[in-house]
Structures are given as structure tokens and as C-alpha cells.
Amino acid sequence: MSTETPTAAERSDFIREIVAADLREGRHTTIVTRFPPEPNGYLHIGHAKSICLNFGIAAEFGGRCHLRFDDTNPVKEEQEYLDAIEADVRWLGFDWGEHLHHASDYFEQLYAWAVHLVKAGKAYVDDLTADEIREHRGTLTEPGQNSPWRDRPAAESLDLFERMRAGEFPNGARVLRAKIDMASPNINLRDPVLYRIVHAAHPRTGDAWCVYPTYDFAHGQSDAIEGITHSICTLEFEAHRPLYDWLIENLPVPSRPRQYEFARLNLTHTVLSKRVLLRLVTEGRVRGWDDPRMPTISGLRRRGFPAEGIRDFAALIGVAKADSVVEIGMLEHAVRDVLNRTAPRRFAVLDPLRVVVEDYPEGQVEEVEVANNPEDPAAGTRTVAFSRELWIERDDFLEEPPAKFFRLAPGREVRLRSAYFITCREVVKDEAGRVVELRCTHDPSTRGGDAPDGRRPKATLHWVSAAHAVPAEVRLYDHLFSRPDPGADGDLFADLNPASETVLRGCRVEPDLAETPAGATVQFERLGYFCPDPDSRPGRLVFNRTLTLKDTWAKLQAQGRHDTPQGGRG
RNA sequence: UGGCGAGUGGCCUAACGGUAAGGCACCUGACUCUGGAUCAGGGGAUUGAAGGUUCGAAUCCUUCCUCGCCAGCCA
């Protein structure tokens with residue numbers, strides 16, 4: 001159940017309309033949905049859309065939503081995935097109560113139903129090889145051919161099926177098939193395979209079974225067992241619906257679930273395919289399923305995306321049947337929106353440039369008061385140490401400022417946020433001509449950040465006191481793929497963004513940032529949102545950049561130079 | 001080429017026969033101790049095309065076009 005659904009009080013979509021009508025017209029009194037992941041990988045933002053839909057509907061209509069693992073293929077499934085999926089759904093803010101289920105919980109019942117079909121002459125054991133079955137299946141335009149085993153006596157199929165279960169045959173030797181119609185224009189109805197022999201240990205049932213039901217045979221029946229009323233899945237299962245219905249109609253199942261399909265999520269600059277994500281991980285293109293660049297729930301979490309932002313995003317994009325590609329900016333907008341409201345502000349300098357305030361007494365330290373979040377007065381204030389030697393952001397100074405560059409430059413006065421106005425008096429360079437230090441003066445009357453004479457600098461800079469700031473490593477993240485439609489030219493991996501991660505060492509941050517709790521995302525003023533990485537240690541702080549702030553100056557620069565998609569800073 | 005599904009401003013989504021709405025993005029201005037946020041305003045859609053029904057069509061009908069999915073013993 002969602003903690004709250006802030007932005008989408010009146011959101012509706014074609015599925016919710018169906019649900020509402022079913023309730024209104026008495027077809028159901030309680031709505032039961034389910035989220036049915038296969039534990040063969042980590043959940044990603046596309047799954048989040050489905051999770052929000054299924055759990056969201058259950059919550060809105062006073063029903064319930066089950067978490068059911070579709071664990072029918074032991075060769076691809078692992079306990080690690082089962083655990084990660086549960087953690088991710090919970091982190092997203094949803095609760096399945098008592099209803100944690102597995103298709104494997106129903107193996108015995110499913111087997112019994114398969115036997116039922118065999119006895120009814122509606123399923124048979126086929127001795128054809130996989131290749132032969134394919135050849136008999138026909139093509140999109142040509143009907144298939146009946147298997148020579150199609151009409152063998154039910155008793156013979158039954159015997160063979162029992163021996164399949166008993167482990168008498170090797171993988172692939174035989175399968176159980178539904179007897180429907182080899183000439184159907186819907187290929188899924190051309191005697192689909194219901195059971196196959198797989199001698200492999202299952203994460204939950206171990207070696208108890210060596211025959212496993214296919215998705216088609218397991219899914220709808222599991223829905224029926226659990227009393228699912230609305231079995232919501234993605235568009236690619238549309239062609240399976242007739243089979244879903246055929247099985248429900250031909251089996252003595254306890255309920256009549258109905259399947260509805262919606263368009264899966266596609267996002268620009270990212271790939272949402274478990275197959276590809278698995279490759280990124282196994283081939284070491286990223287550091288793991290929870291790499292902050294991954295579109296996985298665990299990656300987004302590590303990156304600092306709040307669950308609320310992900311839920312808001314799901315509400316924002318809606319649910320429909322048209323294939324679509326959502327701009328990643330939409331996700332970033334939803335996330336910035338919650339972070340702007342909730343993230344505490346802190347000072348951090350990513351690329352430090354030394355500033356010496358010449359007219360500020362050596363050894364003196366003042367505690368200046370700074371708002372924790374201008375958006376939220378209740379967040380209160382904190383004090384930050386100010387002293388003679390400071391660090392400011394290197395790109396907040398330009399010796400020869402172009403028009404529209406409002407920050408520090410020789411002779412120019414700017415405000416140091418919540419502290420003093422300073423004026424740059426001298427630029428110190430090393431032998432190579434690189435600026436290494438700025439000699440400045442301050443106006444003591446501007447303490448706190450306001451001038452008694454009403455003077456208003458065009459820029460306000462963030463800063464840290466050199467003697468008080470603590471060092472940190474900061475990892476900057478950008479889109480994993482550099483083009484909006486990765487792989488459109490053929491080679492997906494060639495579109496990997498080489499600048500998707502930039503590691504900055506030698507950053508200087510406000511001391512209390514050392515205490516930022518894991519999972520908390522803060523705003524580094526004027527830079528963006530950041531969160532401590534799990535790699536962070538007391539003495540060796542590591543922060544991940546969740547997202548940059550919107551940056552008009554970076555945009556202006558980008559327009560002028562026509563590069564840097566994510567803009568500036570570091 | 002068979003079946004199924006879908007086409008609404010750059011992107012997402014709404015309109016359920018009554019004369020195209022909202023969000024994101026973009027642009028402009030105001031305000032601002034974050035070039036953030038906020039506020040105000042703006043540009044932009046002959047609703048894939050062509051016919052037809054109707055007083056009236058994004059919605060109904062016909063034909064066509066385009067895109068997606070289906071020929072795993074994956075899900």
C-alpha cells in the first residue's frame with residue numbers, strides 16, 4: 001500500500017475504469033491484483049510502473065495486491081533475486097501483507113490440472129524434439145502440422161507424463177502439450193507446450209521436481225488459485241490472452257481471473273531489458289545491479305532517488321495501450337520535485353579554489369547561521385564556520401568573464417551565501433599560469449549576507465572554510481547511454497556514455513556531511529542533489545550525485561558551445 | 001503475406017459524437033541570499049491519410065498507411 005499518493009488524486013486510466021465498472025456493476029466485490037516478477041534479475045523502473053499500478057489499484061479500490069514470484073524456470077532463477085525483489089518492492093513503499101506467493105507453491109495443483117487435461121483428451125505428451133516441434137508449428141502465414149503423437153491414447157500420455165515427473169527421461173525428451181488447434185492464426189494456440197523436463201534444482205523446491213510448467217500454464221492458474229480478479233500485464237502478452245482464457249475455461253479452477261494489458265515503460269537514454277541489464281552486470285560495464293547508473297530500483301536507490309519520486313513519476317506518465325517512449329527528463333523532474341521539498345541544503349565545493357580574505361583576522365572563526373531548506377522553514381537552520389581561508393568552486397571565478405557571467409572576477413563583488421560580500425583584489429597563479437588562489441577583501445557590514453545599503457551582488461556563491469571542511473570523493477553521474485535511443489544504430493554497447501561516471505577526489509564539504517545517514521539525499525547548494533554511497537566510510541566520505549540542479553548558466557554555455565548534455569559543474 | 005494491438009503539439013496523457021485539455025520540455029517576463037525554487041505569460045495539433053454517416057466526428061463506418069507484438073521446451 002502506498003503511503004500516500006500526493007500528486008495524482010484524480011488519476012485514472014483505462015484499467016482503473018474497468019475496475020471501477022466491475023465494482024459498480026457487481027462483477028466483483030473485492031479487487032485482487034498481483035505483481036508477478038520472475039526472480040531472474042533485479043527489478044527496474046519499468047517494473048516500478050507495474051508495481052505502482054497493481055498495488056495502487058488495490059489500495060485505491062480497497063482491495064489487495066499479492067507479490068507472486070513467477071518461478072517456473074529454475075535454470076534462470078536465483079535466491080539472490082527473490083530477496084532483492086522483496087526488498088525493492090518494500091522500499092518503493094508497498095506491502096503485500098500475508099500475500100507473498102510463488103508459482104512453485106502450486107506445482108502440485110498445477111500438475112494435477114495437467115493430468116486433468118490429459119484425461120479429458122485436451123493435452124498430450126509429445127515425443128517430438130524441440131526442432132521438430134518448431135517445424136510442425138508452421139509460420140505466421142502457414143498453418144502448422146499435427147504432431148504424430150497428438151492422438152495417442154490419453155492413458156498412454158498419462159503414463160508418459162507420470163514417468164516424465166518420475167525423472168525417467170532426459171531434458172527435452174518429451175513435453176506435455178495442450179491439444180488446441182495447429183491451424184490457429186494465433187500461434188500461441190497451436191498446441192502450446194504446458195510442461196517441459198528440466199533436471200535442475202529450483203531455488204525453492206530443490207530437487208522435488210524435474211518437470212516444470214511453462215509460463216502459460218502456470219500464470220493464469222496461479223491467478224485463479226489466489227482469486228486474482230484483474231491480472232494486469234504488459235502488451236506482449238496480449239496474444240496469449242486466448243490461451244489464458246482457454247486454460248481457465250477447460251480447468252476446474254476456483255475463480256475466473258481476467259487478463260488486461262498495458263504498454264510497458266520505455267525511457268530515453270536507458271535500456272529496460274533484463275537481458276541487457278544482466279549483460280551490463282556480467283560483462284562488467286557497470287559495477288553491479290545497484291550501480292548508480294543502472295535503471296534498477298536498487299541502482300536508483302543507491303543514486304539517491306527517493307521512492308516517492310519514483311511513485312510520482314509513475315503517476316505522471318499514466319497508463320495506456322499505446323507503445324511510447326518517455327523522456328528521462330520526466331523522471332528527473334519528478335525526483336527533483338520531491339527533493340526540492342525535502343532535501344536539506346549543505347555546502348560542498350567539488351573543485352576547490354583557495355580564497356584568502358586578506359582583511360579578515362587570522363585565526364578568527366565565526367559561526368554563521370544558514371537555512372537548512374529555504375523551501376521548508378520547519379527544517380530550521382544550522383551554523384557553518386567562516387574563517388580567513390576558504391574554498392570556493394573553481395568555475396565560480398573567471399579572470400576574463402564573458403557577458404552574462406555573474407560570478408566572481410577581478411575587482412568584482414559577490415556574496416558568499418549567508419556570510420559576507422567579498423571582492424576579488426588579486427589573482428595568484430602558479431608557474432604554469434594556473435589560478436591557484438584569490439586574494440579578496442570582505443565587507444564586515446554584510447555579515448549574514450545582507451548589505452545595510454541595500455547593495456545586491458548579482459551572484460551568491462557557496463563556500464566552505466578551509467580549516468573546517470572535510471575532504472570527500474564525489475561521483476558524478478550522467479545518463480548510462482549517450483543517445484536517447486540506445487542501440488538504434490545496431491550496437492547498443494557502442495552507445496554507452498563514456499562520461500556516465502566521473503569521480504572527483506579532493507572535494508571539500510561541510511563537516512556535518514560526515515554524519516549524513518545512508519539513504520538520505522541532500523542538496524549541495526547550487527550544484528545538485530547528492531547522497532552518501534555505501535562505499536562511504538568515516539574518514540573517507542563518498543557521495544553520489546543524484547541529479548544536478550537545473551542550471552541556466554550551464555544551458556547558456558551549452559547553447560553557445562553546443563555540447564555537454566548534462567551541463568557544467570565538475 | 002496470418003493474427004492481435006496501437007496511432008492526439010518535441011515527449012507522456014485526457015477528451016466515452018457537441019466543437020482538442022493537462023503535465024514534461026521549450027521561450028519570455030517578474031521575483032529571488034541557490035543562474036535553484038516560485039509566480040505570470042507565450043509559442044506550438046487541419047487528432048496517421050482519404051472517403052463516408054451525422055446538424056455536429058479525435059470519438060461511428062470503409063479503405064489505406066505507419067508502428068509494435070506473436071513462429072522459446074523464456075517470462
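Here is the naming used below: chain letters follow the sequence lines, and residue numbers restart at 1 for every chain.
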Original post:
With Watson-Crick and G-U wobble geometry limited to distances under 3.5 Å, how should the secondary structure of RNA chain B be encoded in dot-bracket form, using | for bases paired to another strand and [ ] for crossing pairs?
Top reply: .((((((..((((....[..)))).(((((.......))))).....(((((..]....))))))))))).....
Looking only at the side chain of [X] (C-beta and beyond, no hydrogens), which of the listed nucleotides [options] gets closest?
X: A/M330; options: B/rA71, B/rC11, B/rA75; answer: B/rC11
X: A/T460; options: B/rU34, B/rC12, B/rU1; answer: B/rU34
X: A/T139; options: B/rA71, B/rG3, B/rG5; answer: B/rA71
X: A/D323; options: B/rG5, B/rA75, B/rC70; answer: B/rG5
X: A/P185; options: B/rG35, B/rC26, B/rG3; answer: B/rG3
X: A/R134; options: B/rA75, B/rA71, B/rG35; answer: B/rA71

[N] OP1/OP2 closer than 4.0 Å to side-chain N/O of [X]:
X: A/K76; N: B/rG72; answer: no
X: A/R275; N: B/rA75; answer: no
X: A/R417; N: B/rG35; answer: no
X: A/R456; N: B/rU32; answer: yes
X: A/R241; N: B/rC69; answer: no
X: A/Q145; N: B/rA71; answer: no
X: A/S324; N: B/rU13; answer: yes
X: A/T72; N: B/rA75; answer: yes

Pair [X] + [Y]: basic N to acidic O under 4.0 Å:
X: A/R526; Y: A/E393; result: no
X: A/R16; Y: A/E60; result: yes
X: A/R258; Y: A/D22; result: no
X: A/E38; Y: A/K274; result: no

Scan [X] against the nucleic acid and name what it touches under 4.0 Å (heavy atoms): base, sugar-phosphate only, or nothing.
X: A/F69; value: nothing
X: A/L176; value: nothing
X: A/K555; value: sugar-phosphate
X: A/A320; value: sugar-phosphate
X: A/V325; value: sugar-phosphate
X: A/V75; value: nothing
X: A/H219; value: nothing
X: A/Y195; value: nothing
X: A/L461; value: nothing
X: A/N171; value: nothing

Side-chain-base donor-acceptor pair under 3.5 Å for [X] and [N]:
X: A/E17; N: B/rC16; answer: yes
X: A/R407; N: B/rG35; answer: yes
X: A/H136; N: B/rA71; answer: no
X: A/E327; N: B/rG10; answer: yes

[atom1] gap between [N] and [M], integer Å:
N: B/rG5; M: B/rA57; atom1: P; result: 27 Å
N: B/rU47; M: B/rA20; atom1: P; result: 12 Å
N: B/rG9; M: B/rG48; atom1: P; result: 7 Å

Original post:
Are the aromatic ring centres of A/W463 and A/F386 under 6.0 angstrom apart?
Top reply: yes
Original post:
Given the side-chain rings of A/F237 and A/Y244, with only the six-membered ring counted for Trp, is the space between their centroids under 6.0 Å?
Top reply: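 No.
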Subject >> Stacking of A/W553 on B/rG35 base (centres under 5.5 Å, planes under 30°) >> reply: yes
Original post:
Can you tell which of A/R68, A/R204, A/H202 makes a side-chain hydrogen bond (donor to acceptor under 3.5 Å, both in side chains) with A/H102?
Top reply: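 For A/H102, the side-chain hydrogen bond (donor to acceptor under 3.5 Å, both in side chains) check succeeds only for A/R204.
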Original post:
Going 5' to 3' along nucleotides 36-42 of chain B, which nucleotides have protein heavy atoms under 4.0 Å from the base (write B), which only from the sugar-phosphate (write S), and which from neither (write -)?
Top reply: BS-----
Subject >> d(NZ, A/K321; P, B/rC12) in whole Å >> reply: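 Rounded to the whole Å, the gap is 18 Å.
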Original post:
Does B/rG72 sit syn or anti, given that only angles within 90° of 0 count as syn?
Top reply: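 With its glycosidic angle within 90° of zero, B/rG72 counts as syn.
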